[in-house]
Novice: 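Sharing a structure, written as structure tokens. Questions coming.
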There are 2 protein chains.
Amino acid sequence: MGIMDERKFRILQAIIDDYILTAVPVGSRTISKKYDMGLSSATIRNEMSDLEELGYLDQPHVSAGRIPSAKAYRLYVDQLLQAGLLHSDSEDAVRAHFRGRRRQMEDVIDHAAQVLSNLTHYTAVVLPPTGPQPRIRTVQLVPVNDGAALVVIVTDSGIVRDTVIRVSDQLDSDTLYAISKTLTAELRGRTLQEAVELLPALTGRLKENERLLQGLNAFLNESSGVSRPRVAIGGRSNILSYPEYNDMEKARSFLTLMETRDKLASIIAQQGEMAFTVRIGPETGVPEMADCSIVTATYSTRSGQQGTIGVIGPTRMQYSRVLSILNTMGHQLTELFAENNLQEPEQK
Amino acid sequence: MGIMDERKFRILQAIIDDYILTAVPVGSRTISKKYDMGLSSATIRNEMSDLEELGYLDQPHVSAGRIPSAKAYRLYVDQLLQAGLLHSDSEDAVRAHFRGRRRQMEDVIDHAAQVLSNLTHYTAVVLPPTGPQPRIRTVQLVPVNDGAALVVIVTDSGIVRDTVIRVSDQLDSDTLYAISKTLTAELRGRTLQEAVELLPALTGRLKENERLLQGLNAFLNESSGVSRPRVAIGGRSNILSYPEYNDMEKARSFLTLMETRDKLASIIAQQGEMAFTVRIGPETGVPEMADCSIVTATYSTRSGQQGTIGVIGPTRMQYSRVLSILNTMGHQLTELFAENNLQEPEQK
DNA sequence: GTTAGCACTCACCGGGGTCGAGTGCTAACT
DNA sequence: AGTTAGCACTCGACCCCGGTGAGTGCTAAC
């Protein structure tokens, strides 16, 4: 009796499909009529009763229909993932949106989040690529002012970091250039981390420029540390269109969460090497998202860094559509970063 | 009968105060009791009737209290502004939030928006400074890759713009430096706009580097154009706490508006030279904000550029509090940019 | 000019009744 | 044994309704 057979599965699937579409508890009659399996409502009822016992269905109250549990969704997407991604029809839509010229990293990220939310009608999150410590390729000092210079560090992943530091007044453009060459020679090929450690060793060579080294040190320290990823978010307010978020309190706490970028980033961040992650309801581990699902995919850059794109929506998400969109979007981004062999700096 | 006298004004003030606090239509009895002016409810009623005729009060339905009209708020804040800003007690709170070290421009902007929304409990918007065309101080090319270089342009307002452009393969670091010096010599003191026009004249001098000039040209063109200001927003979801936005549809359209940065920026952007702007309800000129008010203030940088900070909330906003907070916040930002005489680059 | 009094209006609230979708169970049918 | 028709039952959604109370406008008296 209690075992999950082929027919139960088909019924469950129908229930999930219907619920995803309507957000209304679905009854036995609906299934037997709209999804013509040659069974009467009574039979469906029996099966549904079994499915509830197995934990795949919940009943909000005695005389409403059933709604799928988190466990049901889990089963659903697992099957979906196994079967391979279905209709990749959205491919064109995604492609079309990337026609425009690729701009700076941040713009690409923002744009991607925008597109993703437009296509899915859910909230979209895009994390910039992170990965193996980038290695320094060039260090250059640009005069800004008397007593101030801009440090530009170019790394092999193309990411440019810069900041203004104070230097002693007497340094003119040529001197700065000479120092730049020394620094480049010494630090090339190192990670930022290593550079921090190496810096004291250079104090001898450049001891007249104590101030400069001091500033440089502070900058490197900061950059090498937790380089807070500037996550891009799109379609924050999309969630409000879904009846499960008609409750103001819920909506508020969700949107507040969306505002704390750091927290959001850590929630989204991919851990494993998997192409896709689907976290359903409680699996998100975030109380505010008790009835949300998070679907993420990865993309990568030429230099092997990995970024994450994700979609957040109600548990009754159109998983198949979302997965397919995420898939092509991931490919597009990967392509974008590949063809574009000189990688743009990450800022405005 | 129809003229606005001192007593009417006091009554109107009481009504506004009460409504701002409670968001509930306020009746004659409430006024005569809570705000002890030596008048009976009947008298208040008569006055209220007059005030309604004058257009300062609205009546949602016959037997509810009155609520202040946009015209009433207008009068209220005008009087507030004339009287000078009241209790600047929030000064400390603002100060406290700026203790931390000032970081890059974008961070400052973000942080300011955050603080502003926390203090006011409304939605806050901060526009980065814009102003007279910045003038070029230095142009420098930094090698990134074979065939690619980073262009860094430092302007007198300290803003640094950069991008990666393609150059011919044979250019090594020293050659790039030489070209940089030429470019700097030629372009120093020009605005970006002027630089675009001057560039063709340089083609003779640097004709071997057609590619470089081409890239530089594109970059300058882009930068000198509409440099879309990266507006920072804080407390987007705060608006949801106010009963006037209990309607989901309204909330949605508001939040959607908040997501289109460009539009928002153009709404917020200060036109005049005034220290404060208060736009109430219809005065905003944005249908989505029919029952919002926008209060803005300006701050300025050492080099005379001006930025805008603003707060968006329901029409029954705590104007006095908000004005006072905006005031000190503006001062703080101005101070911050003044002491900090080397201005930080505007990017990450 | 102010106030007490009064009739009137109308949103809001809670109770009761109806409706209908949906269930669980039983008995009959294949 | 599995499937189905039938039926009683449950319970939320909706509507109607009268009571309540805050608030008004008007009038007459102070």
Novice: With a 4.0 angstrom cut-off to heavy atoms of chain B, pull out the first and last contacting nucleotide of DNA chain C, in 5'-to-3' order.
Specialist: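 That gives a stretch of C:dT2 to C:dA11.
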Novice: For A:Val311, run the side-chain contact (heavy atoms from CB on, under 4.5 Å) check against A:Val322, A:Val125, A:Ile294 and tell me which one passes.
Specialist: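 It is A:Val322; the other options fail the test.
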Novice: Assess, by modelled atom type and distance only, whether the side chains of A:Tyr319 and A:Ser293 contain a donor and an acceptor separated by less than 3.5 Å.
Specialist: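 On atom types as modelled, these side chains qualify, holding a pair under 3.5 Å.
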Novice: Whether A:Ser40 contacts D:dT4 is assessed here as follows: a side-chain N or O lying under 4.0 Å from the phosphate OP1 or OP2. Is that the case?
Specialist: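 For D:dT4, OP1 or OP2 has a side-chain N or O of A:Ser40 closer than 4.0 Å.
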Novice: Atom CD of A:Gln59 and atom C1' of D:dC11: how far apart are they, to the nearest Å?
Specialist: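 Atom-to-atom, A:Gln59 to D:dC11, this comes out as 11 Å.
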Novice: Quick one, B:Met37 and B:Ile11 - any side-chain contact, counting heavy atoms below 4.5 Å?
Specialist: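 Sidechains of B:Ile11 and B:Met37: in contact.
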Novice: Looking at A:Thr30 and A:Val26, would you say the former's side chain and the latter's main chain have a donor-acceptor pair under 3.5 Å?
Specialist: no
Novice: Atom CG of A:Asn246 and atom C1' of D:dA13: how far apart are they, to the nearest Å?
Specialist: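 After rounding, the reported distance stands at 16 Å.
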Novice: Donor-acceptor pair under 3.5 Å: do we get one between A:Thr43's side chain and the base of D:dT3?
Specialist: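 Looking at the base of D:dT3, it does not pair with any donor or acceptor on the side chain of A:Thr43 (distance under 3.5 Å).
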Novice: Taking the nucleotide of DNA chain C with the nearest heavy atom to each, does B:His61 or B:Asn46 sit closer to the 5' end?
Specialist: B:Asn46
Novice: Quickly work out the A:Lys8 NZ to D:dT3 C1' distance and round it to whole Å.
Specialist: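 Computing the A:Lys8:NZ to D:dT3:C1' distance gives 14 Å.
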Novice: Side chains of A:Tyr76 and A:Asp17: any donor to acceptor distance under 3.5 Å?
Specialist: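 Side chains of A:Asp17 and A:Tyr76: pair found under 3.5 Å.
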Novice: Hey, mind stepping through A:Glu244 and A:Arg316 against salt bridge (charged side-chain N to carboxylate O under 4.0 Å, His left out) and telling me if it holds?
Specialist: CA-CA 10 Å; A:Glu244 31 269 271; A:Arg316 56 167 195 102; 2.9 Å; yes
Novice: Would you say the side chain of B:Leu326 lies within less than 4.5 Å of the side chain of B:Leu116, judging by non-hydrogen atoms?
Specialist: yes
Novice: At 10 degrees resolution, what angle do the end axes of the helix from C:dG1-D:dC30 to C:dT30-D:dA1 form when each is taken over five base pairs?
Specialist: 20°
Novice: Start at the 5' end of DNA chain C and walk down; is the nucleotide closest to A:Arg29 or to B:Arg45 reached first?
Specialist: B:Arg45
Novice: Whole angstrom is fine here: how far is it from CD1 in B:Ile44 over to P in D:dG23?
Specialist: 13 Å
Novice: To the nearest Å, give me how far apart CD (A:Glu47) and P (D:dG2) are.
Specialist: 10 Å
Novice: Could you tell me whether A:Asp50 and A:Lys8 have a side-chain N and a carboxylate O separated by less than 4.0 Å?
Specialist: yes
Novice: Cut-off 3.5 Å, side chains only: do B:Arg321 and B:Thr120 have a donor facing an acceptor?
Specialist: no
